[in-house]
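Note that the numbering runs from 1 along the sequence shown for the chain. Since this is a predicted model, take the numbers as computed values, not measurements.
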Amino acid sequence: MYSKIYSGVALGIDGMLISVESDISMGLPGLSLVGYLSSSVREAADRVRTALKNSGYPVPSRKITVNLSPGDVRKDGTGFDTAIATSILIAMGCFVFSEKFYKELEQTLFLGELGLDGSILPTGGVLPIVDAAVKQGIKRVVLPISNCYEATFIKGVEIIPVTELSDIINILLKNVWGETFTAPPVVKNLRDSFTYDLGDIRGQEVMKRGIIIAVAGFHNVILTGAAGSGKSMIAKCIPELMPELIYEEKLELTKIYSVAGALDLSEGLMSKRPFRSPGQNVTEAALLGGGPSPKPGEVSLADRGVLFLDEFPEYQRNVIESLRQPMEDKVVTISRLRGAYTYPASFMLVSARNNCPCGFFPDRNKCRCSASEIYHYRNRISHPIMDRIDIRIEVKPVRLDQLFSEERGMDSLSARKQIERAIEIQRERYKNEAFSFNSEIPQKKIDEYIPLGESERQLLHNIYESSDISARGYFKLLRLARTIADIEGREDVSTHDIEEAAFFRNDTKVSEDWR
């Protein structure tokens, strides 16, 4: 007999429906799997055969062919086991289906790994697979109970929980799907407190202002200064200063973590912006993603959040240079001989470095680094990478009177209010666009969204002529000025905004004394 049901596979953070066809016929006994399969899928033949035997339905001594199509897409992982076993069970002719139930089978997706005893084990990438399946007309998914909560994030689909193969056999025998899975209520954490507060950082008001601008426009930033001046601490404040994720962002981020196998389901869809801080020994593959079975890397796990690289010059040169493409395109494409995988990488880069290898410069009483060592240390970060960083803040050491002062300065609550106002302005302005933040304005729309008067154009002309700013840097300066104007509540960009942007861009002579 012949049977056909559906399973799915995750490609990047997108899913694809896979049809699982089984045919049992006369011929040399054996179970053959075809359809461009990885070794983990080919091994399913032994798992399925043993699980069926231990569930009371041994595979007949016939020629059994199972085809996973489309045949030009590589299938990887163990999530096809349940679908293969179910397809073989139907092809064995052990069950009688009503017309209604048979039609329902055609709209049902099966996912899950099989244990040899017939238990159904959880699998990865459920969220993107179910999301893609629903868009293609699937009404119902049969899942391991551990994956059911994740699938409830997708609306408009029935979720049937199973724990072992005998549960599916009972469904097929009775032509009844049984009870659907209902997600428990989620208790949301209110944003009324801060784990890290800007107010705890004393005497760094310029750095705080730069961070407010960076967060408000989603600009990349590098902090340069002596060790112990608050660079790492202020980086940890950033995620809680960012606006709440909208539904589409939550779903995208949850898909990434689902595919990576790092999803925490305690609060439903991911609602907190990620903060990823890989160490200096991170490899290029770990940062960008990859491996034999490609998985998202740190740049994708930081999507919609912060990628913090402390001691930036200490990272391997090839690792730093690999950031060029994701910083520009906001996606990472991993190419393999057998296919290409694309992952989102819309992160805010926050990097920090000392002034010298020992970290004490410019205090020559402590610093023993030579001028050559300092020069080479600072130049480990290439110009193309620095050019992609919008804000470059020189962090001064904290004075003793500032450290013990009762004056807290700007705190996180006040900063977040400024940021939220600026972001609301941007969302309204770009509501009909494919982008949301000033840092993402395409070059062709610069004139439309950043109109300039004659005095502003003259100031920009002077900046361009008196510095080594590149064309990319020029447009980044404009986007930065647009963010500053939004923070101040001005519709038009003024010379004051451009001067402050030049100060924080920190590659011009015009604004050296802006403060």
Side-chain angles (χ1 to χ4, degrees), residues 1-25 30-48 63-91 102-114 123-143 147 151 154 156-157 168 255-256 258-260 289-296 331-344:
M1 287 183 64
Y2 168 84
S3 71
K4 177 180 176 181
I5 61 173
Y6 289 101
S7 188
V9 65
L11 302 174
I13 67 162
D14 298 316
M16 174 181 283
L17 268 186
I18 300 295
S19 65
V20 181
E21 302 171 291
S22 293
D23 181 76
I24 301 178
S25 60
L31 175 53
S32 175
L33 303 180
V34 296
Y36 198 3
L37 314 176
S38 69
S39 59
S40 61
V41 182
R42 292 188 181 280
E43 291 166 356
D46 292 325
R47 290 193 298 269
V48 168
K63 180 181 180 181
I64 303 174
T65 304
V66 179
N67 177 42
L68 278 66
S69 65
D72 60 344
V73 175
R74 186 172 187 265
K75 292 86 180 176
D76 196 8
T78 57
F80 300 103
D81 292 7
T82 301
I84 293 171
T86 305
S87 181
I88 292 173
L89 280 169
I90 296 171
Y102 192 79
K103 288 182 177 178
E104 290 174 347
L105 266 176
E106 295 176 345
Q107 299 175 324
T108 303
L109 180 82
F110 292 82
L111 285 175
E113 178 184 344
L114 279 178
T123 186
V126 167
L127 189 63
I129 294 172
V130 174
D131 185 36
V134 170
K135 292 175 181 176
Q136 296 181 58
I138 293 295
K139 305 295 184 185
R140 184 180 301 98
V141 292
V142 178
L143 292 173
N147 289 128
I154 306 301
V157 62
I168 295 178
K255 284 181 179 180
I256 294 171
S258 174
V259 172
S293 300
K295 297 290 184 183
V331 295
V332 170
T333 300
I334 302 168
S335 298
R336 293 288 183 270
L337 180 63
R338 297 169 177 172
Y341 303 82
T342 300
Y343 299 106

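Judged as a side chain to side chain donor-acceptor pair (under 3.5 Å), and not counting sequence neighbours, the contacts of E21 are Y2, N67. Looking at residues two or more places apart in sequence or on another chain, you find a side chain to side chain donor-acceptor pair (under 3.5 Å) between S3 and S87. Applying the salt bridge (Lys or Arg N to Asp or Glu O under 4.0 Å) criterion to D131, with sequence neighbours excluded, gives K135, K255. Among residues two or more places apart in sequence or in another chain, the side chain to side chain donor-acceptor pair (under 3.5 Å) test is passed with D23 by none. Applying the side chain to side chain donor-acceptor pair (under 3.5 Å) test to S25 and every residue at least two apart in sequence or in another chain returns nothing. With sequence neighbours excluded, no residue satisfies salt bridge (Lys or Arg N to Asp or Glu O under 4.0 Å) with K4.
Between V73 and Y36, every side-chain heavy-atom pair lies at or beyond the 4.5 Å cut-off. Looking at S19 and I5, their side chains never come closer than 4.5 Å, going by heavy atoms from C-beta outward. I256 is not listed as a side-chain neighbour of Y343, based on a closest heavy-atom distance of 4.5 Å or more. Taking 4.5 Å as the limit, some side-chain heavy atom of I154 sits within range of a side-chain heavy atom of L127. When side chains are defined from C-beta on, L143 does not count as touching T123, because their heavy atoms never get closer than 4.5 Å. Looking only at side-chain heavy atoms (C-beta outward), L68 and V41 come within less than 4.5 Å of each other. Contact of the I90 side chain with the S22 side chain is not registered, since no non-hydrogen atoms from C-beta on lie closer than 4.5 Å. Within the 4.5 Å cutoff, the side chain of V66 has no heavy atoms near those of the V48 side chain.
Expressed to the nearest 0.5 Å, how far CG of L31 lies from CG of D46 amounts to 8.5 Å. Interatomic distance, K103 NZ to L105 CG, rounded to the nearest 0.5 Å: 13.0 Å. Rounded to the nearest 0.5 angstrom, M16 CE and Q136 CD are separated by 8.0 Å. We find the CD1-CG distance between I129 and L11 to be 8.5 Å, quoted to the nearest 0.5 Å. Note that the CG atom of L111 and the OG1 atom of T82 stand 7.5 Å from one another [nearest 0.5 Å]. Taking CZ of F80 as the reference point, atom CG of L37 lies at 8.0 Å (rounded to 0.5 Å).
Residues G8 and L109 share a closest heavy-atom pair of N-CD1, 3.8 Å. Nearest heavy atom pair, residue P128 against residue V259, reads CG-CG2, 3.7 Å. What you find for D81 and A44 is that their closest heavy atoms are OD1-CB, 3.3 Å. Between G290 and I334, the shortest heavy-atom contact is N-CD1, 3.5 Å. Taking all atoms of both residues into account, the shortest heavy-atom contact from D76 to S38 is OD1-OG, 2.8 Å. Scanning all heavy atoms of the two residues, the minimum distance from G77 to S40 falls at N-OG, 3.0 Å.
A donor-acceptor contact shorter than 3.5 Å links the side chain of S7 to the backbone of F110. Put simply, the side chain of T108 never gets that close to the backbone of V141: no donor and acceptor are under 3.5 Å apart.
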